[in-house]
Amino acid sequence: MSTFLLVHGAWHSGRCWERVVPLLEAAGHRVFAPSLTGYGDRAHLLGPEVGLDTHVEDVVGLIHDEDLTEVVLVGHSYAGLVISSAANQVPDRIGHLVYLDAMVPEHGETAVDVQPVTRNLIDVAVTSGGGWRVPPLPEMPPPLGLFGVTEPADVAWLRTMLSDQPVRCLQQPVRLDNPAVNAIARTHIHCVGATPEGITRRPVPATQPNGSPATVRELPTGHDCMITMPAELSEMLVKVGL
């Protein structure tokens, strides 16, 4: 049995994993899918002071509170930054890092460094979000849809869990200065469906920081694969946890 900690990306909440959690649990695994501060059941905590460091503490705090070890820590999209800094704090409790169509930072980088188009989102926040909040990305015509989701019923469901993203989350730097974090195995899962203009993906180095060959998997779908291909994603995660 493995312990999975699933961390949602920007604008989303822990509810986005609702189709994945029961599949992992049915395979005998323990699963946590919390909402980060400012989202879902914690939406009332949204404010300009919420940043990347807040979300890292959310994850690290849960790991300590539940006394989790050998965690398969999965970060989707923006949460690639979150899981990186969290692993930097508690490397001894992390068994595997999974970057799910995620930002993959180096030490000291921000979301703007990893995904330069993020600068445009911050500019939007300054003009329309009171200076500190970034509204969710708009739905686009298929095949792009809303975060890669195109089925009308799924789009409607996804809308119910979206909320604004604090600018501070995109401006605070990742900490990856603990040498122990380099020993943690990594898997990269890329969603290779339609990608909005301006979104880029850094090439994955052929060798992981721990010296083993890079592990890269692909899902033929849009960004929110936990909604569009939950069974296939769950199967990939189960293999990571073995």
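The basis for the numbers below is simple: all heavy atoms, side chains too, and nothing from hydrogens, waters or symmetry mates. Bear in mind that the values here come from a model prediction, so they are computed numbers and not experimental data.
Around CD of Glu49, the count of heavy atoms belonging to other residues, nucleotides or ligands within 6.0 Å exceeds 12. Remark: Arg93 CZ is packed, more than 12 non-hydrogen atoms of other residues, nucleotides or ligands lying under 6.0 Å away.
Scanning for side chain to side chain contact (heavy atoms under 4.5 Å, CB included) contacts around Glu139 gives Leu146, Val155, Arg159, with sequence neighbours left out. Scored by the side chain to side chain contact (heavy atoms under 4.5 Å, CB included) test, Pro196 finds Met140, Leu144, Ile199 as partners (sequence neighbours excluded).
Rounded to the nearest 0.5 Å, atoms CG (Asp65) and CZ (Phe32) are 10.0 Å apart. With values rounded to the nearest 0.5 angstrom, Trp132 atom CH2 is found 14.5 Å from Ile122 atom CD1. Here Thr54 contributes atom OG1 and Leu45 contributes atom CG; the two are 10.0 Å apart, rounded to the nearest 0.5 Å. Summarising the geometry, atom CG belonging to Leu5 is positioned 10.0 Å from atom CH2 belonging to Trp17; distances are rounded to the nearest 0.5 Å. For the atom pair OG1 of Thr150 and CG of Asp224, the computed distance is 11.5 Å after rounding to the nearest 0.5 Å. The distance from the CG atom of Leu52 to the CD atom of Gln171 is 11.0 Å, given to the nearest 0.5 Å.
Between Leu237 and Ile189, some side-chain heavy-atom pair lies under the 4.5 Å cut-off. Residues His8 and Leu36 have side chains in contact (heavy-atom distance under 4.5 Å, counting atoms from C-beta outward). Contact of the Cys191 side chain with the Met229 side chain is not registered, since no non-hydrogen atoms from C-beta on lie closer than 4.5 Å.
The residue from Val20, Val192, Val149, Leu100 that alone fulfils the side-chain contact (heavy atoms from CB on, under 4.5 Å) condition with Cys225 is Leu100. Of the candidates His188, Lys239, Gln208, Gln208 is the only one forming a side-chain contact (heavy atoms from CB on, under 4.5 Å) with Thr215. Among Val59, Ile63, Leu68, the single residue meeting the side-chain contact (heavy atoms from CB on, under 4.5 Å) criterion with Val90 is Ile63.
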(request) For side chain to side chain contact (heavy atoms under 4.5 Å, CB included), just list the numbers for Val104 and Val204, CA-CA rounded to whole Å, side-chain angles, deciding distance to a tenth of an Å, and then say yes or no. (result) CA-CA 9 Å; Val104 184; Val204 176; over 6 Å; no

(request) Output, in order, the C-alpha distance, side-chain angles, deciding distance and verdict of side chain to side chain contact (heavy atoms under 4.5 Å, CB included) for Val238 and Leu24. (result) CA-CA 7 Å; Val238 166; Leu24 293 176; 3.7 Å; yes

(request) Decide yes or no on side chain to side chain contact (heavy atoms under 4.5 Å, CB included) for Phe147 and Ile227, but give the supporting numbers first. (result) CA-CA 10 Å; Phe147 295 100; Ile227 294 175; over 6 Å; no

(message) Between Met161 and Glu18, is the side chain to side chain contact (heavy atoms under 4.5 Å, CB included) condition met? List the steps.
(response) CA-CA 11 Å; Met161 68 184 78; Glu18 284 184 359; over 6 Å; no

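Distance alone, capped at 3.5 Å, places no donor-acceptor pair between the Arg186 side chain and the Leu97 backbone. Although no hydrogens or angles enter the test, the distance criterion places no donor-acceptor pair under 3.5 Å between the side chain of His12 and the main chain of Leu158. The backbone N or O of Pro48 sits nowhere less than 3.5 Å from a side-chain atom of Arg168 that would complete a donor-acceptor pair. Looking only at distances, no side-chain donor or acceptor of Asp164 sits under 3.5 Å from a matching main-chain atom of Arg133. A donor-acceptor pair under 3.5 Å is absent between the side-chain atoms of His64 and the main chain of Leu62, judged by distance alone.
Closest approach of Val50 and Pro166 over heavy atoms only: O-CB, 3.3 Å. Taking both residues in full, the closest heavy atoms of Pro173 and Gly108 are given as CB-O, 3.4 Å, listed atom of the first, atom of the second, then distance. Contact between Thr228 and Gly148 at its shortest, heavy atoms only, is CG2-O, 4.0 Å. Looking at every heavy atom in both residues, Gly28 comes nearest to Met1 through O-CG, 2.8 Å. Across every non-hydrogen atom of Gly38 and Ser163, the tightest pair is O-OG, 3.6 Å. In terms of heavy-atom proximity, Val167 sits nearest to Ala125 at CG2-CB, 3.4 Å.
Hydrophobic clustering of Ile, Leu, Val, Met, Phe, Trp and Tyr side chains at less than 4.5 Å, counting indirect connections, keeps Leu23 apart from Met226. By the criterion of side-chain heavy atoms lying less than 4.5 angstrom apart, applied directly or through intervening Ile, Leu, Val, Met, Phe, Trp or Tyr residues, Leu137 is grouped together with Val134 in one hydrophobic cluster.
Between the side chains of Ser85 and Asn88, not a single donor N or O lies within less than 3.5 Å of an accepting N or O. Residues Arg15 and Thr160 bring a donor and an acceptor atom of their side chains to less than 3.5 Å of each other. Residues Thr118 and Tyr78 bring no donor and acceptor atom of their side chains to less than 3.5 Å of each other.
Screening residues 31-43 for side-chain hydrogen bond (donor to acceptor under 3.5 Å, both in side chains), with sequence neighbours left out, gives Thr37-Arg42, Thr37-Asp58, Tyr39-Gln165, Arg42-Asp58.
A salt bridge is defined here as a Lys NZ or Arg NE, NH1 or NH2 lying under 4.0 Å from an Asp or Glu carboxylate O, and Glu109 with Arg202 meets this definition.
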